[in-house]
Amino acid sequence: MRRRGSASSHPDLTHLSSRAASVGTCTRPQLLPCDRRGLLPAPVAGFRPDIQGLRAVAVGVVLLYHANFPFMPGGFVGVDVFFVISGYLITGLLLREALRTGRVRLMDFYARRIRRILPAATVVLVATLLLTVLILPRIRWQQIGIEAGGAALYIVNWIFAGTTDYLNADLAASPIRHFWTLSVEEQFYIVWPLLLVALLALLRRRGGRHAPASAVSVSSRSLQEPAPC
């Protein structure tokens, strides 16, 4: 005769016990089902109106700043906000991929960035060079050509940093100048995924096979879910 209130007489407890035994390292009831490695499933990326709204505000204050609106003297901070948002989104994308597949496919990541940015950037650079030849004096052609080459290679921010000082601060602005932000962003896209791959390899070496997935699971959910009040 079974004792009243035991785990074997309660269907929910029996189900939880059998599930805990079947998933290996996941030995306690979870709010979400675990996979065979004992990890929670990767969060699904979706449209985030809060982030997109913040991105629109960041771009808007930069435009108002360049339009010389008197009430927006610090609008350039929108560039920093945009950089932070880009880093947040890219990090979440990479962590979700690592959690889902156990690795980060760098070539696929770089190919997506190229398809998204290179066509529009190429059109802008070609149009800028054509207009430079048609409108600007010949004395400026060489420098603008150098800057366009730097923009195509995403290093123009370093060219501007090396050629800007108080002696030429009053010269006409370069038509390529706005590409410095894109160069910074692309350099981040190159370096940051490599650092994450190195970190995952280090975790795998020190903590065993499932250590990277466990660490990524926690990090990915911290990026995806809002903090409790």
Side-chain angles (χ1 to χ4, degrees), residues 19-48 50-52 54-55 58 77 79-118 121 150 152-159 161-162 179-229:
R19 171 171 285 278
S22 64
V23 294
T25 58
C26 183
T27 57
R28 60 180 181 176
Q30 300 283 349
L31 297 178
L32 294 173
C34 300
D35 63 12
R36 293 182 179 179
R37 297 172 296 174
L39 299 174
L40 295 175
V44 179
F47 179 74
R48 292 285 301 272
D50 53 341
I51 293 180
Q52 298 304 324
L54 185 58
R55 176 181 282 180
V77 75
V79 177
D80 299 331
V81 174
F82 198 90
F83 281 157
V84 172
I85 294 173
S86 296
Y88 173 88
L89 295 175
I90 289 300
T91 302
L93 176 68
L94 294 171
L95 289 179
R96 284 190 295 270
E97 180 181 359
L99 182 59
R100 185 176 63 254
T101 66
R103 59 193 293 264
V104 175
R105 295 187 293 270
L106 290 177
M107 291 300 102
D108 290 346
F109 173 80
Y110 293 137
R112 290 194 299 268
R113 303 278 75 75
I114 291 173
R115 289 194 299 267
R116 180 176 180 180
I117 296 174
L118 188 59
L153 297 174
Y154 303 112
I155 58 172
V156 74
N157 58 313
W158 296 107
I159 294 177
F179 267 85
W180 77 266
T181 57
L182 185 60
S183 296
V184 172
E185 190 169 2
E186 289 304 306
Q187 290 161 24
F188 172 81
Y189 288 161
I190 293 173
V191 175
W192 183 235
L194 294 175
L195 291 178
L196 283 181
V197 169
L199 178 60
L200 290 175
L202 180 63
L203 289 173
R204 183 175 292 110
R205 172 177 293 184
R206 292 192 173 184
R209 179 181 178 185
H210 300 316
S214 301
V216 169
S217 178
V218 174
S219 301
S220 181
R221 290 198 170 279
S222 66
L223 286 173
Q224 184 73 12
E225 299 173 356
C229 299

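Residue indices begin at 1 and follow the sequence shown.
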Student check: side-chain heavy atoms of [X] and [Y] closer than 4.5 Å:
{"X": "Leu196", "Y": "Glu97", "result": "no"}
{"X": "Asp80", "Y": "Val77", "result": "yes"}
{"X": "Leu199", "Y": "Leu195", "result": "no"}
{"X": "Leu93", "Y": "Arg112", "result": "yes"}

Let me confirm one number: the [atom1]-[atom2] distance from [X] to [Y], rounded to the nearest 0.5 Å.
{"X": "Thr181", "Y": "Glu186", "atom1": "OG1", "atom2": "CD", "answer": "10.5 Å"}
{"X": "Thr91", "Y": "Arg96", "atom1": "OG1", "atom2": "CZ", "answer": "10.0 Å"}
{"X": "Leu89", "Y": "Gln52", "atom1": "CG", "atom2": "CD", "answer": "7.0 Å"}

_My understanding is that only residues two or more places apart in sequence, or in another chain, count here; which of them pass side chain to side chain donor-acceptor pair (under 3.5 Å) with Tyr154?_
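Result, side chain to side chain donor-acceptor pair (under 3.5 Å) vs Tyr154: none returned.
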*asked:* Asp108: which residues meet the side chain to side chain donor-acceptor pair (under 3.5 Å) condition with it, sequence neighbours left out?
replied: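 Checked Asp108 against side chain to side chain donor-acceptor pair (under 3.5 Å); matches are Arg105.
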*Can you name the closest pair of heavy atoms from Ile159 and Gly150 and give their distance?*
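That would be CD1-CA, 3.7 Å.
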*Would you name the heavy atoms of Phe109 and Pro193 that are closest together and state the gap between them?*
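Shortest heavy-atom separation between Phe109 and Pro193 comes out as CE2-CG, 3.4 Å.
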*For Ile190, does its backbone N or O pair with a side-chain atom of Tyr110 as donor and acceptor, under 3.5 Å?*
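A pair under 3.5 Å: yes.
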*Do Ile85 and Arg48 pass the side chain to side chain contact (heavy atoms under 4.5 Å, CB included) test, and can you show the C-alpha distance, the side-chain angles, and the key distance before you say yes or no?*
CA-CA 12 Å; Ile85 294 173; Arg48 292 285 301 272; over 6 Å; no
*Just do the side chain to side chain contact (heavy atoms under 4.5 Å, CB included) check on Trp158 and Ser183 with the steps written out, would you?*
CA-CA 9 Å; Trp158 296 107; Ser183 296; over 6 Å; no
*asked:* Before you tell me yes or no, could you show the steps for Trp192 and Leu94 under side chain to side chain contact (heavy atoms under 4.5 Å, CB included), namely the whole-Å CA-CA distance, both residues' side-chain angles and the distance that decides it to 0.1 Å?
replied: CA-CA 10 Å; Trp192 183 235; Leu94 294 171; 4.3 Å; yes
*Can you sort out the partners of Val184 under side chain to side chain contact (heavy atoms under 4.5 Å, CB included), two or more places apart, ordered by chain and number?*
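Val184 satisfies side chain to side chain contact (heavy atoms under 4.5 Å, CB included) with Phe83, Asn157, Trp180 only.
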